[in-house]
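First the proteins, then the strands, lettered A, B, ... as listed; each starts at 1.
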Amino acid sequence: MMSACGAPPFEVPSKWIQEQESLKRRLVLEDDFTWTISSPEGLSSPSSGLCGGHKLRYVGGVDLSFSKDDPSVACGALVVVDLESLAVVHADFSLVQLHIPYVPGFLAFREAPVFLELLEKMKQDSHPFYPQLLMVDGNGLLHPRGFGLACHLGVLSNLPTVGIGKNLHHVDGLTQSGVRQLLQAQENCTKDVITLIGNSGRIWGAAMRSTEGSLKPLFISTGHRILLNSAIKVVKMCCKYHVPEPIRQADIRSRAYLRKHSGMGNPIRTMHLL
DNA sequence: GCGACAG
DNA sequence: ATCTTGTCGC
């Protein structure tokens with residue numbers, strides 16, 4: 001029999017599921033921060049930036065880019081943008097070799113260690129631009145077990161996090177085409193954001209067209225210490241283009257860093273597992 | 001059994 | 001994620 005399917009089998013460690021369940025108990029599903037989110041556009045919210053509280057200013061973004069030559073070689077990027085100007089005020093990179101494969105539903109075990117290390121470096125340096133909130137390239141609650149990369153990073157870093165997906169991870173009956181239909185429907189023509197409600201009635205996140213005629217929406221979901229509505233506000237404020245600036249810059253810069261440092265003779269640091 | 005499956 | 005050129009437009 002010809003059964004030489006090239007795909008190497010990979011068993012999901014039960015440890016992974018246990019850890020997701022365990023960390024999930026530490027999730028905070030409400031706005032848990034002292035700063036305020038200045039209103040998106042024209043819409044003035046009464047409590048925004050009035051009494052004594054400081055504003056959200058430094059928004060972080062993380063992303064990972066891979067070498068086309070060696071898929072195990074990647075560059076993780078942590079950038080921080082100033083919310084007022086959307087200018088990058090900090091960028092750091094980590095060239096690593098990954099030993100854990102990408103498994104749908106377990107993205108965090110592959111990518112989170114890289115980002116946690118970059119965050120830790122900033123924290124130990126008492127960096128003035130340490131992010132107040134982190135935008136993650138991947139989902140939060142919009143996940144088979146309600147605990148995607150954004151939740152995982154949020155709990156382990158104790159930072160408010162927002163998950164941004166560019167493709168929908170099908171869950172609870174939600175489908176890409178179904179969501180697009182809703183966004184195109186006449187009733188919703190005026191709206192640029194729709195809530196993602198699954199067959200069970202549960203709210204998983206939101207789909208938003210960040211650019212005028214974009215057919216592909218962004219999938220926003222809560223990571224940690226922030227409400228969906230607050231997350232949507234922040235994402236809107238960050239969208240200069242289709243993809244919010246913190247993540248877009250992390251993507252662009254990690255790719256550039258990889259190109260420049262992927263030539264031979266460069267020390268690739270191996271991540272030590274937790 | 002078959003398809004779906006963030007990055 | 002990555003493989004990929006030109007093209008249309010400000």
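- Side-chain atoms of Ser157(A) come within 3.5 Å of backbone atoms of Leu153(A) as a donor-acceptor pair (strictly under, hydrogens ignored).
- Within the 3.5 Å criterion, the main-chain N or O of Arg202(A) finds a donor-acceptor partner in the side chain of Ser200(A).
- The two atoms that bring Val193(A) and Lys236(A) nearest to each other are CG2-CE, 3.9 Å, heavy atoms only.
- At least one donor-acceptor pair closer than 3.5 Å links the side chain of His224(A) to the backbone N or O of Val28(A).
- Within the 3.5 Å criterion, the main-chain N or O of Asp63(A) finds no donor-acceptor partner in the side chain of Ser254(A).
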Review item, nucleotides 8-10 of chain C N/O atoms under 3.5 Å of protein N/O:
none

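- The existence of a salt bridge linking Glu120(A) and Lys123(A) is excluded, since no basic side-chain nitrogen approaches an acidic carboxylate oxygen closer than 4.0 Å.
- Legend: residues meeting salt bridge (Lys or Arg N to Asp or Glu O under 4.0 Å) with Arg110(A), ordered by chain and number and at least two apart, are absent.
- In terms of heavy-atom proximity, Val12(A) sits nearest to Phe106(A) at CG1-CZ, 3.5 Å.
- In plain terms, the two heavy atoms of Pro131(A) and Met122(A) that are nearest each other are CD-SD, 4.0 Å.
- A salt bridge links Asp92(A) with Lys121(A): at least one charged nitrogen is closer than 4.0 Å to a carboxylate oxygen.
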Base-contact (B) and sugar-phosphate-only (S) positions in nucleotides 2-7 of chain B, heavy-atom cut-off under 4.0 Å, - elsewhere: --SSBB

Tell me which donor-acceptor pairs under 3.5 Å the side chains of residues 132-146 of chain A have, and how far apart each pair is, sequence neighbours excluded?
residue	atom	partner	partner atom	Å
Gln132(A)	OE1	Arg57(A)	N	2.7
Gln132(A)	OE1	Tyr58(A)	N	2.7
Gln132(A)	NE2	Lys55(A)	O	3.4
Asp137(A)	OD1	Lys166(A)	NZ	2.9
Asp137(A)	OD2	Lys166(A)	NZ	3.1
Asn139(A)	ND2	Leu142(A)	O	3.4
His143(A)	ND1	Arg145(A)	N	3.0
His143(A)	ND1	Gly146(A)	N	3.4
His143(A)	ND1	Phe147(A)	N	3.2
His143(A)	NE2	Gly105(A)	O	2.7
Arg145(A)	NE	Gln20(A)	OE1	2.7
Arg145(A)	NH2	Gln20(A)	OE1	3.2
Arg145(A)	NH2	Gly105(A)	O	3.0

Under 3.5 Å, which N/O atoms of the protein pair with N/O atoms of nucleotides 3-6 of chain C?
none

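- Donor-acceptor pairing under 3.5 Å is lacking for the side chains of His99(A) and Ser72(A).
- Stems are defined here as 3 or more consecutive Watson-Crick or G-U wobble pairs with pairing distances under 3.5 Å; none involve DNA chain C.
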